[in-house]
Amino acid sequence: MCVTAALLVCCTNNFSAVKDLNRFDEFPVGITENLRLVYSDSAFVEAVLLSPKNIDYTNQKFPFSEFPDGLEVTLFDKKGSQTHIYADYGIYFPKTEIIDLQGNVVISDSTGTQLNTQQLYWDSGQEWLFTEKNFTFTSKDYDLEATQLDANRSFTKLMTGVLRGTVQVQEDEL
């Protein structure tokens with residue numbers, strides 16, 4: 001009788017562990033190594049994403065896709081210009097179309113414009129960038145450092161927090 005009781009206790013503990021292993025929602029759908037993803041529309045390549053590792057959690061209640069070892073993205077426009085994006089870490093939330101880039105984030109383009117920060121959010125649906133972290137931004141018209149950035153993709157609409165640097169301003173005549 002003592003052996004049976006011990007066996008039941010042992011099975012109860014193992015059943016709990018087996019039940020935890022079968023929790024589908026805590027495991028990724030897939031893991032990809034050396035990812036190269038090309039996004040095109042009407043035979044025009046709009047973006048190329050490279051990453052050493054992608055972990056796909058689109059099976060979650062709030063789905064996401066993680067790039068724990070960093071990522072590189074090249075965006076192409078119809079005029080042939082390229083924008084390059086680098087980050088040490090990235091996570092994409094398809095329901096909100098928000099991308100969170102972290103660690104040594106650099107965005108640069110063929111005109112010499114460059115943005116550097118430690119964290120940057122990209123709203124891909126609205127094509128809008130924002131951060132609450134310190135950043136530097138250089139272009140032919142700007143050389144600045146600030147905290148807080150809110151800008152469109154082309155940086156033609158740019159709002160910042162406390163600002164240091166130089167900005168060219170065009171005054172309208174009255």
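For reference, positions follow the sequence shown, starting with 1.
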Minimum side-chain heavy-atom gap [X]-[Y] below 4.5 Å:
X    : Y    : result
I55  : P68  : yes
W122 : E127 : yes
L149 : L115 : yes
N104 : V106 : no
P63  : K95  : yes
N54  : I31  : no
F135 : L120 : no
F76  : E46  : no

T138 side chain vs D143 backbone, donor-acceptor pair below 3.5 Å
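No; zero donor-acceptor contacts below 3.5 Å.
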Report yes or no: does S42 contribute a side-chain atom to a donor-acceptor pair with the main-chain N or O of F44 at less than 3.5 Å?
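Not at all, since once roles are kept as given, no pair shorter than 3.5 Å links the two residues.
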Might you work through the side chain to side chain contact (heavy atoms under 4.5 Å, CB included) test for T113 and F137, ending with a clear yes or no?
CA-CA 7 Å; T113 299; F137 180 80; 3.6 Å; yes
Would a hydrophobic clustering, with Ile, Leu, Val, Met, Phe, Trp and Tyr connected at side-chain separations under 4.5 Å, put [X] with [Y]?
X    : Y    : value
L75  : W128 : no
I107 : F130 : no
I91  : Y57  : yes
V38  : L50  : yes

Judged by modelled atom types alone, do [X] and [Y] share a side-chain donor-acceptor pair under 3.5 Å?
X    : Y    : value
Q119 : D100 : yes
E66  : Y89  : yes
S81  : D109 : no
T74  : H84  : yes

Nearest 0.5 Å, what's the [atom1]-[atom2] distance between [X] and [Y]?
X    : Y    : atom1 : atom2 : value
N152 : D123 : CG    : CG    : 12.0 Å
Y86  : L71  : OH    : CG    : 11.0 Å
Q148 : N134 : CD    : CG    : 11.5 Å
L35  : D69  : CG    : CG    : 12.0 Å
S124 : E97  : OG    : CD    : 4.5 Å

Looking at Q114 and S108, what are the two nearest heavy atoms and their distance?
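Heavy atoms only, the tightest pair is OE1-CB, 4.0 Å.
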Closest heavy-atom contact between E145 and T136?
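Of all heavy-atom pairs spanning E145 and T136, the closest is CG-CG2, 3.6 Å.
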What orientation do F93 and F64 show, parallel under 30°, tilted 30 to 60°, or perpendicular over 60°?
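Ring orientation of F93 relative to F64: tilted.
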Set out, in order, the CA-CA distance, both residues' side-chain angles and the distance that settles side chain to side chain contact (heavy atoms under 4.5 Å, CB included) for I99 and Y121, then state yes or no.
CA-CA 6 Å; I99 301 165; Y121 296 98; over 6 Å; no
Look at atom CD of Q126 and say whether more than 12 heavy atoms of other residues, nucleotides or ligands are closer to it than 6.0 Å.
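Not more than 12 within 6.0 Å, no.
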Distance to the ring centre below 6.0 angstrom and angle to the axis at most 45 degrees; does that hold for K53 and F67?
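Not flagged: K53 not positioned over aromatic ring of F67.
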